[in-house]
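Before any comments, here is the structure.
None of the values given here were measured: they were computed from a predicted structure.
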Amino acid sequence: MPLRRLLLAVGDPLVDVLAAPAGLDVRVDNVVIVDPEDEAEAFAGDLVLLIGARGSAARHLVRAAARRGAAAVAVKVHSDEPAYPPPQGWGAAAKVRRGGDEVALLRSEASDAGVALLGVRPEVRWDQLQSLCRSVLDDARLTAEADLGESAGDLYSLAQTISALTGGLVTIEDAASRVLAHSSGEEADELRRLSVLGRRGPEQYLALLREWGVFSRLRAGEEVVRIDEHPQLGIRRRLAVGIHAGTQPLGTIWVQEGSEPFAEDAEEALLGAARMAALHLVRHRTEATVGLRLRDDLLASLLEGSIEAAALADTIEVDADRPALVAAFALSPAGAPGTGGRGESARAEDTDRSGRELNRRRLVDLITVHTAAYRRTSLVTLVGGRIYVLMPDISRAGSGGADSTAESARSSAESAVLALTRKTVEAARATLGVTVQGAVGSPVDSLAAIPDSRAEADRILDAMGRDLAMDVATMSDVRTHVLISETLAYLRGTPALRDPRVSALAEHDAAQGSDLVTSLLAYLEDFGDVRTAASRLHIHPNTLRYRVRRAESVSGIDLSDPTQRLFTHLQLLMERGT
């Protein structure tokens with residue numbers, strides 16, 4: 001079977017793809033174990049498990065296995081734990097991974113030798129991995145490919161998302177007008193009722209649609225077709241769009257209007273949904289599911305920097321050498337700034353983790369629909385509770401243009417992605433009833449650097465979750481806020497860097513019920529302007545002067561010293577956010 005199919009059965013959390021210079025469609029026929037003390041016995045088509053191999057011995061065996069025609073080599077790599085604890089929220093730049101040099105050398109060796117390299121987690125037993133791989137290969141030899149059958153459950157989720165975005169009742173059908181999935185909802189007209197009950201459009205209605213030229217327009221391309229209401233026939237107003245793979249029609253999405261008019265952006269949402277639906281229908285059910293899962297796994301690995309961009313060449317049809325960026329989305333934490341505090345719905349969600357997961361999956365569908373409408377090559381995946389969108393090929397400047405033209409095109413694309421992110425966040429609030437935060441990472445020159453854009457988007461989201469009352473931002477919008485937020489997070493996690501005098505001031509407030517911390521912070525934030533700070537606190541200037549002198553007396557801090565003043569301000573901000 002192709003290596004990609006084997007990876008789906010064995011993959012995460014057991015193995016990671018570290019290199020795939022020949023792509024993931026190389027054929028795997030057998031699994032063998034090789035010990036560094038034995039002569040390599042790998043042959044063409046083998047997946048080679050290197051037991052006990054480290055350093056130069058592992059590199060030697062990788063070369064030997066490649067010379068003998070091995071399809072892939074698996075080695076154990078060190079944990080991704082940092083060699084020292086980085087400051088919380090300081091991103092990938094602060095991380096030093098154990099074994100990083102070893103992995104880099106093995107990856108380079110495999111790339112040069114032209115063989116796929118798999119990293120096996122330290123806790124995985126070799127005998128279990130070999131047994132699992134052989135079982136998968138044996139099953140593949142005995143099992144015939146499945147027929148198309150009914151659409152996967154994901155189509156039902158997609159139908160529900162389209163319904164929320166368009167404001168109508170949705171049906172997804174294949175090219176033979178068989179119903180694959182439909183949304184829930186009342187107010188179905190006669191055509192929808194008969195289609196859902198019969199799992200296929202009734203012939204008398206299909207004949208009318210053919211007579212009106214609807215099907216020919218749907219087959220012709222990506223056109224959203226409007227069908228007028230025909231009360232005498234029991235047909236309400238509809239929108240429809242064809243689902244295509246290239247020029248090949250795969251099916252149709254139908255949206256029936258209910259008691260309310262279609263949403264303003266219904267046609268745009270429908271276009272994105274059709275592109276997403278094509279991924280589910282392009283192959284047989286089993287193959288489509290396999291392809292989507294592997295694509296998600298590889299995309300997640302690319303975002304995390306654990307796979308080379310070249311390994312995705314035969315799975316993701318994008319130019320690895322063109323600029324790209326990452327946008328990230330997360331459900332707002334309950335009680336975070338900008339979420340309106342902890343209401344009854346937030347408390348209910350705390351006790352219903354499955355409800356939060358359902359919201360996250362619905363959000364994935366919504367984001368996918370919006371981004372597919374914006375750009376066909378956009379890619380969406382869910383990693384660690386956050387949803388990431390890879391926007392490849394963002395710069396469209398001509399190859400002969402000046403650098404300023406390329407930079408202008410990149411800036412324009414970044415602005416467009418920011419606008420798309422805002423629109424998506426607003427749609428999530430309006431259609432799903434959830435509060436979402438979005439962050440757009442800076443453009444990078446190629447897919448190889450995409451982990452940097454992802455790390456930046458993560459830093460912005462981290463700051464939003466801690467201190468920033470914002471829904472959408474780029475680093476240029478909030479750089480200072482992000483840096484302050486990360487500094488405060490580092491102070492919170494590092495007690496040795498706290499000034500005990502400021503802590504004593506906070507403890508005094510807690511014991512006496514006074515407001516010295518709040519008053520001193522306002523004083524510092526307004527650069528010592530007593531009248532402005534007092535006005536903001538709604539107290540008399542003399543009251544504020546007294547509180548500032550009292551704060552100095554209680555803590556022993558000398559506010560005339562600029563260094564003490566600076567650090568006091570930082571720690572007071574930290575105390576306020578604790």
| message | Determine whether R362 and L366 satisfy the following criterion, side-chain contact (heavy atoms from CB on, under 4.5 Å), listing intermediate values before the conclusion. | response | CA-CA 6 Å; R362 292 170 65 199; L366 182 144; over 6 Å; no
Residues at least two apart in sequence or cross-chain that pass ring-ring contact (aromatic ring centres under 6.0 Å, His included) with H569, listed by chain then number, are none
### Query
Do T371 side-chain atoms and S378 backbone N/O form a donor-acceptor pair below 3.5 Å?
no
Item checked: Steps toward side-chain contact (heavy atoms from CB on, under 4.5 Å) verdict (Q571, F567) -> CA-CA 6 Å; Q571 190 165 332; F567 198 81; 3.4 Å; yes
So the salt bridge (charged side-chain N to carboxylate O under 4.0 Å, His left out) pairs with at least one residue in residues 503-516 (sequence neighbours excluded) are none
Sorted by chain and residue number, the side chain to side chain contact (heavy atoms under 4.5 Å, CB included) partners of P541 (sequence neighbours excluded) come out as V530, R531, A534, R545
Residues passing the side-chain hydrogen bond (donor to acceptor under 3.5 Å, both in side chains) test with T431, sequence neighbours excluded, are none
Hits for side-chain hydrogen bond (donor to acceptor under 3.5 Å, both in side chains) against D445, two or more places apart or cross-chain, chain-then-number order -> R410
Which side-chain N or O atoms in residues 521-528 pair as donor and acceptor under 3.5 Å with protein atoms at least two apart or in another chain?
from: E525; atom 1: OE1; to: R536; atom 2: NH2; distance (Å): 3.4
from: D526; atom 1: OD2; to: R536; atom 2: NE; distance (Å): 3.3
from: D526; atom 1: OD2; to: R536; atom 2: NH2; distance (Å): 2.8

L505 side chain reached by L520 side chain, heavy atoms, under 4.5 Å: yes
Distance col, row D558:CG vs R501:CZ, nearest 0.5 angstrom, shows 8.5 Å
Contacts of R565 meeting side-chain hydrogen bond (donor to acceptor under 3.5 Å, both in side chains) (sequence neighbours excluded), chain-then-number -> none
Output for pair (D499 CG, I557 CD1), nearest 0.5 Å, gives 5.5 Å
Dump the intermediate steps for side-chain contact (heavy atoms from CB on, under 4.5 Å) on T421 and F329, then the final yes or no.
CA-CA 9 Å; T421 303; F329 298 85; 3.5 Å; yes
*Among side-chain atoms of S259 and E187, is any donor-acceptor pair under 3.5 angstrom?*
yes
Interatomic distance, CD1@I162 vs CE@M276, rounded to 0.5 Å, equals 10.0 Å
So salt bridge (charged side-chain N to carboxylate O under 4.0 Å, His left out) across residues 377-391, not counting sequence neighbours, yields R386-D458, R386-D462
Value for CD (Q437) from CE (M470), rounded to nearest 0.5 Å, stands at 10.0 Å
Notebook entry, point to check: L363 and I387: side-chain contact (heavy atoms from CB on, under 4.5 Å), yes or no, with the steps?
Noted result: CA-CA 8 Å; L363 182 59; I387 302 162; 3.6 Å; yes
Across all chains, not counting sequence neighbours, the salt bridge (charged side-chain N to carboxylate O under 4.0 Å, His left out) partners of D265 are K423
Which of V380, T161, T381 passes side chain to side chain contact (heavy atoms under 4.5 Å, CB included) with T368? It is V380
*Backbone N or O of G168 within a donor-acceptor pair of the S163 side chain at under 3.5 Å?*
yes
Taken to the nearest 0.5 Å, the spacing of S485 OG from I460 CD1 works out to 11.5 Å
For R275, the side-chain hydrogen bond (donor to acceptor under 3.5 Å, both in side chains) test, sequence neighbours excluded, returns E222
Q) Yes or no on side-chain hydrogen bond (donor to acceptor under 3.5 Å, both in side chains) for S442 and E456, after CA distance, side-chain angles and deciding distance? A) CA-CA 7 Å; S442 295; E456 187 173 280; 2.5 Å; yes
D365 meets the salt bridge (charged side-chain N to carboxylate O under 4.0 Å, His left out) criterion, sequence neighbours left out, with none
Here the gap from I450 atom CD1 to L325 atom CG, rounded to the nearest 0.5 Å, amounts to 6.5 Å
Applying side chain to side chain contact (heavy atoms under 4.5 Å, CB included) to T494 and not counting sequence neighbours gives Y490, L497
